[in-house]
Amino acid sequence: MAKEITPRVNDYSQWYNDLVIKTGLADYSSVRGCMVIKPYGYAIWENMRDALDKAFKETGHVNAYFPLFIPKSFLSKEAAHVEGFAKECAVVTHYRLKNDPNGKGVIVDPEAKLEEELIVRPTSETIIWNSYKNWIQSYRDLPLLINQWANVVRWEMRTRLFLRTAEFLWQEGHTAHATPAEAIEETEKMLGVYTQFAEEFMALPVIQGKKTANERFAGAVETYCIEAMMQDGLALQAGTSHFLGQNFAKAFDVQFLTREGKQEHVWATSWGVSTRLIGALIMAHSDDDGLVLPPKLAPLQVVIVPITKGADDMAKIYEKFEPVMKALKAKGITFKFDDDDTKRPGFKFAEYEMKGVPVRLAMGMRDYDGGTVEVARRDTKEKSVQQFEGIVEYIENLLVDIQANIFNKAKAFRDANITEVNTWDEFKNQIENGVGFISAHWDGTPETEEKIKELTKATIRCIPLNNPQQDGVCVFSGQPSKERVIFAKAY
RNA sequence: CGGGGCGUAGCGCAGUCCGGUUAGCGCACCUGCUUUGGGAGCAGGGGGUCGCGUGUUCGAAUCACGCCGCCCCGACCA
């Protein structure tokens with residue numbers, strides 16, 4: 001068993017931290033609230049990035065890059081926006097250091113004060129819309145469909161590896177459209193892209209929905225989201241897509257000339273997912289032995305562990321696997337033949353399990369002579385002996401099966417942990433003694449939502465899309481309600 | 001910003017209360033031999049401004065004062 005990972009039931013947070021650190025996904029840094037994403041963690045991000053980037057391109061988007069710094073005055077042009085972000089902005093005030101005249105080291109040169117402070121972007125709407133003003137004149141310039149891969153900084157009071165760090169990596173799409181209908185369609189389309197990515201690549205079932213006014217993005221007219229359930233039953237927002245109306249167009253005076261020759265403000269969207277998804281991936285699937293990675297995002301899909309009694313065996317087994325490795329490569333399946341003879345097989349087994357490698361093959365001389373190979377799958381921890389002949393096809397199918405199994409398991413868990421409640425007593429009881437999401441009627445007022453949050457710490461995660469309409473009464477106020485919404489405690 | 005915890009070798013810790021040999025232990029690391037089908041064994045070896053500063057003392061990891069950093073829990077947030 002994995003020696004060094006705190007079991008989930010003992011301390012879920014510690015389990016999560018142990019996984020991140022001990023599997024080499026990330027490390028703490030000397031900067032408060034900031035993390036180092038180590039090669040193994042970054043490889044997962046690269047896989048996520050590649051899949052998403054492809055989907056963005058397929059839906060007509062192009063990449064660009066805007067500055068890290070935003071003039072302070074830009075941020076305040078959209079009232080709700082600045083209010084939402086003001087409390088967590090890093091600010092650049094000076095542009096030079098000098099030697100400390102009183103001793104060693106350097107100090108900020110007081111004479112090098114910026115005339116206007118620069119904000120390290122917490123998100124890029126303002127700097128981007130400042131550019132869009134110059135790029136958009138006519139309906140022929142629309143739609144403008146741009147994405148940026150970037151880092152952003154939000155000075156969080158309390159941070160957690162991947163889930164909430166002061167600096168994080170993400171993508172942010174920023175689009176401009178001629179009509180509100182088109183912008184809303186874009187908003188929903190990108191939510192669909194995120195949903196498909198979460199379910200097909202991350203094997204993470206999500207609920208698509210809209211945020212309530214309280215939870216809406218600062219500056220948005222409507223915020224759509226996908227919500228996922230972690231193994232401890234807490235909700236995690238996995239992606240957001242915003243319909244920004246004309247808020248930023250008006251703030252930055254971005255108008256276009258219509259076909260009819262009229263000046264109108266453009267309609268906008270923005271949407272993003274971040275390295276937080278890595279946290280979601282870990283918390284959704286992993287177990288007490290380590291990571292469980294879905295094959296489609298695993299940096300390494302197959303590991304081959306030779307079991308040898310000397311250099312001769314190693315060479316024989318390697319030779320045996322050569323055609324297999326060639327075939328795997330041709331199919332785009334990533335693999336590693338671990339010929340490191342300074343570590344013993346048992347150590348390697350435990351190590352690759354901890355790192356969540358989906359499939360492990362082991363071969364010693366017994367298998368070699370018998371024409372077989374041992375196959376172990378990480379998701380169920382099942383081991384079986386297979387014929388070496390035809391192993392490539394077997395692996396190919398197994399990877400598909402593992403991907404599906406991980407998703408189904410997560411979906412079954414989530415579905416089993418959504419509880420419908422109809423009275424306030426039931427609600428309180430479920431929040432205090434149960435786990436997971438609550439589906440309940442709500443009267444639609446921010447006041448009620450606020451009150452419930454105050455009393456239980458549960459928030460409305462979303463109003464599901466395509467939500468069945470049914471008459472009921474608000475679980476808190478007793479006022480009439482037409483649909484149920486999802487409540488949960490959240491990350 | 002409040003509450004709690006912790007800073008001693010790369011990691012995890014003991015030693016601190018009650019000051020006194022050369023600051024220990026486990027893991028990891030290095031060398032050699034034997035091993036290799038579930039985290040190997042033996043032998044030898046390297047590695048320390050005891051978070052920082054000031055003070056008390058013949059003497060400080062240990063006592064006093066100040067500072068810094070990190071983790072966990074809460075308020076804020078993706």
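Keep in mind the model is a prediction, meaning the values are calculated, not measured. Order of the sequence lines fixes the chain letters, A, B, ..., with proteins taken first and strands second; residue numbering starts at 1 for each chain. Hydrogens, waters and symmetry mates play no part in the numbers below; they use all other heavy atoms, side chains included.
Here A:T165 lies in heavy-atom contact (under 4.0 Å) with a base. Residue A:L163 is classed as a base contact, given a heavy-atom separation below 4.0 Å to a base. A:E156 comes within 4.0 angstrom of a nucleotide base, judged by non-hydrogen atoms across all strands. Within 4.0 Å of A:K211, counting heavy atoms only, lies no atom of the nucleic acid at all. Counting non-hydrogen atoms under 4.0 angstrom, A:F217 reaches nothing in the nucleic acid.
Taking atom C1' on both nucleotides, B:G20 is separated from B:G12 by 29 Å, rounded to a whole Å. B:G39 and B:C18 have their P atoms separated by 47 Å, with the value rounded to a whole Å. Comparing the same atom, P, in B:C17 and in B:A60 gives a spacing of 14 Å after rounding to whole Å. A distance of about 16 Å separates the P atoms of B:G15 and B:G24, rounded to the whole Å.
Closest to the A:E88 side chain, of the nucleotides B:C77, B:U36, B:A78, is B:C77.
Between A:F162 and A:W45, a ring centre-to-centre spacing not shorter than 6.0 Å is recorded.
Residue whose closest nucleotide on RNA chain B sits further toward the 5' end, between A:T308 and A:F168: A:T308. Where A:K453 and A:D341 meet RNA chain B, the nucleotide closest to each residue was compared, and A:D341 sits on the side nearer the 5' end.
Of the nucleotides present, B:G32 is the one that pairs with B:C42 by Watson-Crick or G-U wobble criteria, both distances under 3.5 Å. The pairing partner recorded for B:C70 is B:G5, the criterion being a Watson-Crick or G-U wobble arrangement whose two distances lie under 3.5 angstrom. Under the Watson-Crick or G-U wobble criterion, with both distances below 3.5 Å, B:C76 has no partner in any strand shown. Base pairing of B:C25: its partner is B:G12, meeting the Watson-Crick or G-U wobble criterion (both donor-acceptor distances under 3.5 Å). With a 3.5 Å ceiling on both atom-pair distances, B:C50 lacks any Watson-Crick or G-U wobble partner. Using the Watson-Crick or G-U wobble rule with both distances under 3.5 Å, B:C58 pairs with B:G20.
Between the OH atom of A:Y491 and the C1' atom of B:G74 there is a distance of 15 Å, given to the nearest Å. A:D313 places its CG atom 13 Å from the P atom of B:U35, with the value rounded to the nearest Å. Regarding A:I317, its CD1 atom lies at a distance of 13 Å from the P atom of B:U36, rounded to whole Å. Taking atom CG of residue A:D340 and atom C1' of nucleotide B:G39, one finds them 14 Å apart after rounding to whole Å. Separating the CD atom of A:Q237 from the C1' atom of B:C77 is a distance of 10 Å, rounded to the nearest angstrom. A:K457 places its NZ atom 14 Å from the P atom of B:C77, with the value rounded to the nearest Å. Rounded to whole Å, atom C1' of B:U36 lies 13 Å from atom CZ of A:R366. A:M283 has its CE atom 16 Å from the P atom of B:A78, to the nearest Å.
When A:M190, A:E186, A:K189 are each tested for a side chain to side chain contact (heavy atoms under 4.5 Å, CB included) with A:S241, only one passes: A:M190. For the side chain to side chain contact (heavy atoms under 4.5 Å, CB included) criterion with A:F66, the lone passing option out of A:N130, A:T126, A:I128 is A:I128.
A donor-acceptor pair shorter than 3.5 Å can be found between the side chains of A:Y491 and A:D232. Looking only at atom types and distance, the side chain of A:N433 has a donor-acceptor partner in the side chain of A:N429 under 3.5 Å away. In this structure, a donor-acceptor pair under 3.5 Å is absent between the side chains of A:T372 and A:Q387.
The aromatic rings of A:F168 and A:W170 sit perpendicular to each other, their planes meeting at more than 60°, with 30° as the lower class boundary.
Using a cutoff of 4.0 Å between basic side-chain nitrogens and carboxylate oxygens, A:D287 and A:R378 are scored as salt-bridged. Under the 4.0 Å criterion applied to side-chain N and carboxylate O atoms, A:E353 and A:R360 are assigned as salt-bridge partners.
Qualifying side-chain contact (heavy atoms from CB on, under 4.5 Å) partners for A:E188, counting only residues two or more places apart in sequence or in other chains: A:I184, A:Y224.
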Please tabulate, for the side chains in residues 202-220 of chain A, all donor-acceptor contacts under 3.5 angstrom to protein atoms that are two or more places apart in sequence or on a different chain.
| unit_1 | atom_1 | unit_2 | atom_2 | d |
| --- | --- | --- | --- | --- |
| A:Q208 | NE2 | A:T195 | OG1 | 2.7 |
| A:K211 | NZ | A:E227 | OE2 | 2.7 |
| A:K211 | NZ | A:Q237 | OE1 | 3.1 |
| A:K211 | NZ | A:R461 | O | 2.8 |
| A:T212 | OG1 | A:E449 | OE1 | 3.0 |
| A:T212 | OG1 | A:E449 | OE2 | 2.8 |
| A:N214 | ND2 | A:E449 | OE1 | 3.0 |
| A:N214 | ND2 | A:E450 | OE1 | 3.4 |
| A:R216 | NE | A:V221 | O | 3.2 |

Can you tabulate the close N/O pairs, meaning under 3.5 Å, that link protein atoms to atoms of nucleotides 40-46 of chain B?
| unit_1 | atom_1 | unit_2 | atom_2 | d |
| --- | --- | --- | --- | --- |
| B:A40 | OP2 | A:R344 | NH1 | 2.7 |
| B:A40 | O4' | A:R344 | NH1 | 3.0 |
| B:A40 | N9 | A:R344 | NE | 3.4 |

Table of protein N/O atoms under 3.5 Å from nucleotides 12-14 of chain B N/O atoms:
none

Polar pairs (N or O, both sides) under 3.5 Å between protein and nucleotides 70-72 of chain B?
| unit_1 | atom_1 | unit_2 | atom_2 | d |
| --- | --- | --- | --- | --- |
| B:C70 | OP1 | A:R32 | N | 3.1 |
| B:C72 | OP1 | A:N17 | ND2 | 3.0 |

> Can you check side-chain hydrogen bond (donor to acceptor under 3.5 Å, both in side chains) on A:Y394 and A:Q386, steps first, answer last?
Replying inline: CA-CA 9 Å; A:Y394 184 87; A:Q386 301 296 329; 3.1 Å; yes
>> For A:K381 and A:D289: C-alpha separation, side-chain torsions, deciding distance, then whether side chain to side chain contact (heavy atoms under 4.5 Å, CB included) applies.
In response: CA-CA 10 Å; A:K381 305 209 69 190; A:D289 294 319; 2.9 Å; yes
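On a pure distance criterion of 3.5 Å, a polar donor-acceptor pair joins the side chain of A:K383 and the base of B:G38.
For residues 39-53 of chain A, every residue pair satisfying the salt bridge (Lys or Arg N to Asp or Glu O under 4.0 Å) rule, not counting sequence neighbours, is listed here: A:D53-A:K57.
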